[in-house]
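First the structure, in the form of C-alpha cells, and then the observations on it.
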Amino acid sequence: DPTGVYTGSHALQMTYPAGQNTGGGFMDLAWKGNSRTIYYRWYTKFSSNFKWSYVATKHNEISTGNGHTHHLAWFSSGGGTSKAPANSFGYAGFYPKQNVNGVLTVVPNKWYCHEMRVTMNSTGGTPDGYLQGWIDGVQHWEYPNVNLDNTTPGAITGTLISGYWNCYSGGSGSDACTDPVNDYHPLMYRWHDNLVVSTERIGCLAGSTDSTPPSPPGNLQISSLVEWLISYVRS
C-alpha cells in the first residue's frame, strides 16, 4: 500500500473483509541458520474502525527448526461489543502479560514500534529461555529463565505475520463465531512497515514520524498570534 506508510514508499496492508471473522492466514519468511536468539522489530498501525477479536487478534510469530510456530498474538483485554483494545501477547502456550513499566493499551489509527527478543531454551523443558518486548522503545515484557518450548527446541528459522481474527466455530457463548460479540466486524485494515530481524537489538527508527496528518488546530485567537509575532520580531 503506497498511502498508509510509516516511512518509505510502501507498507504491507492486511485487509479484513466485513463479516469474515476468521482472518487471512499467514505470510511467512524463512531463512537458513541456527540462531537461538533473535531480535525482531516492526511497526504496526490499525485502521480507525478496527475491532479487536474477543478471543485473539493474532499478530506476528516466529518459527523454529522443529516445525513449531510460536504465536505473538495481541489479545483484547476484555470482551463485549466495545471490543477493548489489545494489550498483551501470547507465546504458544505461554501467555506473558506486560510486567514492567505499566500496561500500554493499543489504540487504532496510531503507529507503534514493536520490538521483541526471543532466546529459545537450550533443551526441552530447560527453563533458560528469554522473552523481552518493547513498545515505542519502552520495555513492557521481561521474562528471563522461562521454558518457551517443552519439546526438543530447534533454532529460530523464520518469522510469520498472521492475519487471523479469531473466534471459535465450535465455541459457545462469547467465544462462538455466531455470538453477537463476534458475528460482525466492518471492512478494516492493519498495516506493517519497517520489519527487521537481527541477532542484536535493533531499536526504533530515529527521527521518523507518523505519516498520519495531524488534526487542524482549534480555538485560535488573533490576539495570541499578534503577540507571538511581536515577540518573534523582537527576538
Side-chain angles (χ1 to χ4, degrees), residues 1 4-14 23-46 56-75 86 88-96 98 100 104 106 110-122 128-149 151-164 190-208 210-211:
D1 174 37
V5 301
Y6 186 75
T7 60
S9 58
H10 288 77
L12 172 66
Q13 177 178 287
M14 308 186 75
F26 304 93
M27 170 184 283
D28 99 66
L29 172 66
W31 62 80
K32 295 180 180 179
N34 57 355
S35 298
R36 182 184 168 201
T37 297
I38 68 161
Y39 291 83
Y40 187 17
R41 196 280 316 279
W42 69 96
Y43 280 75
T44 304
K45 180 179 178 179
F46 298 89
T57 302
K58 286 197 172 70
H59 202 91
N60 284 3
E61 310 177 13
I62 67 166
S63 57
T64 58
N66 63 10
H68 290 186
T69 56
H70 302 276
H71 301 283
L72 289 171
W74 289 104
F75 288 91
S88 184
F89 67 72
Y91 185 92
F94 172 56
Y95 298 103
Q98 297 182 43
V100 292
L104 184 144
V106 176
K110 181 183 185 302
W111 282 104
Y112 291 93
C113 171
H114 303 284
E115 298 177 84
M116 58 169 291
R117 174 263 182 96
V118 175
T119 298
M120 296 303 299
N121 44 297
S122 57
D128 59 355
Y130 203 164
L131 180 64
Q132 294 176 296
W134 298 261
I135 301 178
D136 293 338
V138 178
Q139 187 175 9
H140 289 277
W141 290 268
E142 174 68 16
Y143 286 90
N145 305 313
V146 290
N147 179 19
L148 298 177
D149 192 339
T151 65
T152 303
I156 300 170
T157 57
T159 60
L160 300 90
I161 300 175
S162 174
Y164 272 88
R190 182 174 114 212
W191 295 274
H192 287 279
D193 204 353
N194 295 286
L195 290 81
V196 179
V197 178
S198 176
T199 55
E200 298 180 353
R201 176 85 186 272
I202 303 152
C204 298
L205 293 170
S208 54
D210 192 331
S211 61

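Predicted model only: the values in this text are computed from it and were never measured.
Considering only heavy atoms from C-beta on, Ile135 comes within 4.5 Å of Trp141 through its side chain. Proximity of Leu195 to Ile161: side-chain heavy atoms (C-beta onward) are separated by under 4.5 Å at one or more points. Residues Ser63 and Asp28 fail the side-chain proximity criterion, which asks for heavy atoms closer than 4.5 Å. Counting heavy atoms from C-beta outward, Thr7 and Tyr43 have side chains that stay 4.5 Å or more apart. When side chains are defined from C-beta on, Arg201 counts as touching Glu115, because their heavy atoms get closer than 4.5 Å.
Residues that satisfy the side chain to side chain donor-acceptor pair (under 3.5 Å) test with Thr119, not counting sequence neighbours, are Thr37, Arg117. When the side chain to side chain contact (heavy atoms under 4.5 Å, CB included) test is applied to Asn121, the partners found at least two apart in sequence or on another chain are Asp128, Asn147, Leu148, Asp149, Pro153. Partners of Tyr130 under the side chain to side chain donor-acceptor pair (under 3.5 Å) rule, at least two apart in sequence or in another chain, are Gln132, Glu142.
In this structure, Trp111 CH2 and Asn194 CG are separated by 8.0 Å, a value rounded to the nearest 0.5 Å. Put simply, CE on Met120 and OG1 on Thr64 are 5.5 Å apart, with the number rounded to the nearest 0.5 Å. Tyr39 OH to Met116 CE: the interatomic distance, rounded to the nearest 0.5 Å, is 11.0 Å. For the atom pair Leu12 CG and Arg190 CZ, the distance stands at 8.5 Å (nearest 0.5 Å).
Between the side chain of Tyr40 and the backbone N or O of Ile62, no donor-acceptor pair lies under 3.5 Å. Although no hydrogens or angles enter the test, the distance criterion places a donor-acceptor pair under 3.5 Å between the side chain of Arg41 and the main chain of Gly203. A distance-only check finds a donor-acceptor pair linking the side chain of Asp136 to the backbone of Cys113 [under 3.5 Å].
The aromatic rings of Phe46 and His59 sit tilted relative to each other, their planes meeting at an angle between 30° and 60°.
No donor-acceptor contact under 3.5 angstrom links the side chains of Thr159 and Asn60, judged on distance only.
Here the closest non-hydrogen pair linking Val5 and Ala11 is CG1-N, 3.4 Å. Contact detail for Leu104 and Gln98: the closest heavy-atom pair is N-OE1, 2.8 Å. Here the closest non-hydrogen pair linking Gly137 and Cys204 is N-SG, 3.7 Å.
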